[in-house]
2 protein chains.
Amino acid sequence: MKPLTRKQVADAAQVTIEAVRFYEKEVLIAEPPRTEAGYRQYPADTVKRLRFIKRAQSLGFSLPEIRELLALRVDPETTAADIRHRAQQKIQEIEQKIQALHSMKLALERITETCHGSGLASECPILDALDQEANKGEPKP
Amino acid sequence: MKPLTRKQVADAAQVTIEAVRFYEKEVLIAEPPRTEAGYRQYPADTVKRLRFIKRAQSLGFSLPEIRELLALRVDPETTAADIRHRAQQKIQEIEQKIQALHSMKLALERITETCHGSGLASECPILDALDQEANKGEPKP
DNA sequence: GTTGACCCTGTATTATACTACAGGGTTTAG
DNA sequence: CTAAACCCTGTAGTATAATACAGGGTCAAC
């Protein structure tokens, strides 16, 4: 497969050409090989990596967190047990996010139902949606 | 119930006292009534609102988006149909986030399994996890 | 009645994550 | 062979979401 130019990876991943350089500086993508003239030559899967970064950001992960996620792979620098441990921690974080999003979705569904029916309630069920303390062990029907 | 001071709501919601003022300026919380001396007096549910803001942020919502979420309630300014419509859009966004987090969790689970067993693989399954294009209709076992 | 912990306002500074030049080199299509 | 469209580096500027004062007022407890 032919290597891609910076514009090509940027367009394919729906990020700007400048963002690509920025992510390289932030060590979120590897420094690619260069041509004689110094042009970057990206392997095709850099596009995946860039898309992953964007999506993970929209899920509330910061760049340092995303760097950690991308580092979760077995390599000579880290032991398998270490990776497994870190991955399990991330899984927990993710489960908490999923849980919170589910509560939020439920609250919004209650809103659409309220608005569908008689339509004159004005409390704010969404407020309780993500309330960690309040939600302990009493998920409302 | 007694109203709370700024420090009290801030502590209860685990945000800084300055953040409370900031959210007021950004119209994410209402301007509370004041004492004679000009001290803010917060109703208890401001704590919930602040916690909602923090949690929603960690799920990747920006302050303008959170403002929109908090505005999803029936009141004289908006029609029920309008609210229902906007709530349904938000539900879709949320479902997409949940979907993405599920893929990510699955990828991490694959990593822990890989590391648990023979432990010498070094591909990066997480990269494919959030790849919208690649994941169309072919969820891997 | 003064000390410490809190309150007020306004403004300045910071961190994160980009985005936008400036000033120059390269490559490809016509 | 030249013009458009890309590439390079470095540095400066922006938006968002806070955080940190400065300079002063209030209140409750000792």
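Naming: A, B, ... by sequence-line order, numbering from 1 per chain.
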Assess whether a salt bridge exists between B/Arg40 and B/Glu24, defined as any Lys/Arg side-chain N lying under 4.0 Å from an Asp/Glu carboxylate O.
yes

Rounded distance in Å - CD (A/Gln14) to P (C/dC18):
15 Å

Output the rounded distance in Å from CD (B/Glu31) to P (C/dT9).
9 Å

Nearest-nucleotide comparison on DNA chain D, the residue closer to the 5′ end among B/Gln57 and A/Thr5
A/Thr5

Within this structure, what is the OH-to-P distance between B/Tyr39 and D/dG25, rounded to whole angstrom?
11 Å

Between A/Tyr23 and C/dC18, is there a side-chain N or O to OP1/OP2 distance below 4.0 Å?
yes

Protein-nucleotide distance (B/Ile17, atom CD1; D/dA20, atom P), rounded to Å
12 Å

Nearest-angstrom distance from the residue atom CD of B/Glu36 to P of D/dG25:
18 Å

Quick check: is B/Phe22 connected to B/Ile29 through a chain of hydrophobic side chains (ILVMFWY, heavy atoms under 4.5 Å apart)?
yes

On DNA chain C, does the nearest nucleotide to B/Arg34 precede the nearest nucleotide to A/Ala19 from the 5' side, or the other way round? Give the residue.
B/Arg34

Sugar-phosphate, base or nothing in reach of A/Ser62, heavy atoms under 4.0 Å
sugar-phosphate

With side chain to side chain contact (heavy atoms under 4.5 Å, CB included) as the criterion, how do B/Leu4 and B/Thr46 come out once you've worked through the C-alpha distance, each side chain's angles and the decisive distance to 0.1 Å?
CA-CA 9 Å; B/Leu4 305 170; B/Thr46 302; over 6 Å; no

Whole-Å distance, B/Arg21 CZ to C/dA12 P, equals 14 Å

Give a yes or no on this: more than 12 heavy atoms of other residues, nucleotides or ligands lie within 6.0 Å of atom CD of A/Gln41.
yes

Applying a 3.5 angstrom cut-off to the pairing atoms, does DNA chain C sit in any stems of at least three consecutive Watson-Crick or G-U pairs? List them by first number.
C:1-30 with D:1-30

Please report, rounded to the nearest Å, how far the C1' atom of C/dA15 is from the CD atom of A/Glu26.
12 Å

So if you build clusters from Ile, Leu, Val, Met, Phe, Trp, Tyr with side-chain heavy-atom gaps below 4.5 Å, do B/Val15 and B/Leu28 land together?
yes

May I ask you to say whether A/Lys105 pairs ionically with B/Glu95, meaning some side-chain N is under 4.0 Å from a carboxylate O?
yes

Below the 4.0 Å mark, does D/dC8 have OP1 or OP2 next to a side-chain nitrogen or oxygen of A/Arg40?
yes

Output yes when B/Asp45 and B/Arg49 qualify as a salt bridge under the 4.0 Å nitrogen-oxygen rule, no when they do not.
no

On a plain distance test, is the side chain of A/Glu18 in donor-acceptor contact with the base of C/dC21 below 3.5 Å?
yes

Would you mind telling me which residue lines up with the more 5' stretch of DNA chain D, B/Phe61 or A/Lys25, judged by nearest nucleotide?
A/Lys25

Using whole Å, what does the distance between atom P of nucleotide C/dC18 and atom CG of A/Leu50 come to?
11 Å

Between A/Leu63 and B/Ala37, name the one whose nearest nucleotide on DNA chain C is closer to the 5' end.
B/Ala37

